[in-house]
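Sequence positions, counted from 1, serve as the residue numbers for this chain.
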Amino acid sequence: MRTIGLLGGMSWESTAEYYRIANQTVRDRMGGLHSAKILLDSVDFAEIGRMQREDRWDDAADLLATHARGLQDAGADMVLICTNTMHKVAPEVSAAIDVPLLHIADAAAAAVQAAGLSRVGLLGTAFTMEQSFYRERLAEHGLDVVIPGDKDRELVHRVIFDELAMGIVSDGSRAAYRRIIEDLVAEGAEGIILGCTEIELLVTGDDCPVPVFPTARLHIEAAVEAAFA
């Protein structure tokens, strides 16, 4: 089993899920007391969030690249950025290390394709939904992406930062997300990509009339598979 390097803390609420799912997956695969070989570097999300708001993506890229190199130097055989939004700087992080960077959108796209779908709704932070870096990565896999309208994008973004990243799970926000998902399905979405790792704390398959694709789970499951390859 190879060692998985997790670059987390963005937010730690979802990074904790990465750790839990990785260890459960390895235990299910190997049995007994087996668990995943993991190196975790957890950054201060307040610092990253400030860089996002101030459009300081170069600074964020430098910071995450430094942490990724630290994981590699400590013995990680692969690196995962445990957040969708910060994959905006994935090219810079990947260029800074010599081990593979497993891209979260690739894991999501593979699952969508395996389900035989091609048109998907995307929920995430405003950065992920509105900027091109994530949607274009999905498009490279042949996927057609639908996003919510302006006001609904604002709502989705606000819930992520003001609630989910703070460990707050609200029935009211779940109902709002359900409505937004239904609207995306009405626009032809055959599935919904939960393109923010915290959304999985709020939304499950029971909340959606079409398949959902939880990116944190798919990302870490792909890493465990790679660890045994």
Heavy-atom pair with the smallest gap, counting every atom of [X] and [Y]:
X: Phe213; Y: Ala111; answer: CE2-O, 3.5 Å
X: Ile181; Y: Pro209; answer: CG2-CD, 4.1 Å
X: Ala22; Y: Ile220; answer: CB-CG1, 3.5 Å
X: Cys196; Y: Ile160; answer: SG-CG2, 3.5 Å
X: Glu163; Y: Ser173; answer: OE1-OG, 2.7 Å
X: Leu117; Y: Leu143; answer: O-CD2, 3.9 Å

By side-chain contact (heavy atoms from CB on, under 4.5 Å), which residues pair with Arg27, not counting sequence neighbours?
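For Arg27 the side-chain contact (heavy atoms from CB on, under 4.5 Å) partners, ignoring immediate neighbours, are Gln24.
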Do the non-hydrogen side-chain atoms of [X] and [Y] ever get within less than 4.5 Å of each other?
X: Leu64; Y: Met10; value: yes
X: Val99; Y: Val79; value: yes
X: Phe127; Y: His157; value: yes
X: Val169; Y: Arg174; value: yes
X: Ile192; Y: Val210; value: yes

Return the [atom1] to [atom2] distance between [X] and [Y], rounded to the nearest 0.5 Å.
X: Ile199; Y: Thr215; atom1: CD1; atom2: OG1; answer: 7.5 Å
X: Asn84; Y: Arg137; atom1: CG; atom2: CZ; answer: 12.5 Å
X: Met86; Y: Trp57; atom1: CE; atom2: CH2; answer: 5.0 Å
X: Arg2; Y: Lys37; atom1: CZ; atom2: NZ; answer: 10.5 Å
X: Ile180; Y: Ile147; atom1: CD1; atom2: CD1; answer: 12.0 Å
X: Leu122; Y: Arg153; atom1: CG; atom2: CZ; answer: 10.5 Å

Determine, for Asp73 against Arg69, whether the closest basic-nitrogen to carboxylate-oxygen distance falls under 4.0 angstrom.
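Salt bridge flag = no for Arg69 with Asp73.
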Residues Arg20 and Glu17 bridged, charged N to O under 4.0 Å:
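Answer for the salt bridge query: yes.
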Under 6.0 Å from the [atom1] atom of [X], do we count more than 12 heavy atoms belonging to anything else shown?
X: Trp12; atom1: CH2; result: no
X: Asp58; atom1: CG; result: no
X: Met1; atom1: CE; result: yes
X: Tyr19; atom1: OH; result: no

Give the C-alpha distance, both sets of side-chain angles, the deciding distance and a yes or no for side chain to side chain contact (heavy atoms under 4.5 Å, CB included) between Asp106 and His141.
CA-CA 8 Å; Asp106 293 344; His141 292 275; 2.9 Å; yes
May I ask you to check if Arg29 and Phe228 form a cation-pi contact, with NZ or CZ under 6.0 angstrom from the six-membered ring centre and within 45° of the axis?
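Yes, cation above the ring, under 6.0 Å and within 45°.
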Side chain to side chain contact (heavy atoms under 4.5 Å, CB included) between Ile104 and Thr197: does it pass, once the steps are laid out?
CA-CA 10 Å; Ile104 195 168; Thr197 52; 4.0 Å; yes
Decide whether [X] and [Y] meet the rule of one side-chain donor and one side-chain acceptor closer than 3.5 Å.
X: Tyr177; Y: Asp207; answer: no
X: Thr125; Y: Thr85; answer: yes
X: Glu221; Y: Thr25; answer: no

Is there a salt bridge (charged side-chain N to carboxylate O under 4.0 Å, His left out) between Glu200 and Arg217? Walk through the geometry before answering.
CA-CA 9 Å; Glu200 294 160 53; Arg217 174 173 287 278; 5.6 Å; no
Decide if the gap between the ring center of Tyr18 and the ring center of His219 is smaller than 6.0 angstrom.
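Yes, ring centres under 6.0 Å apart.
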Restricting to salt bridge (charged side-chain N to carboxylate O under 4.0 Å, His left out), what partner residues turn up for Glu47, sequence neighbours left out?
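In terms of salt bridge (charged side-chain N to carboxylate O under 4.0 Å, His left out), with neighbours along the sequence ignored, Glu47 is linked to no residue.
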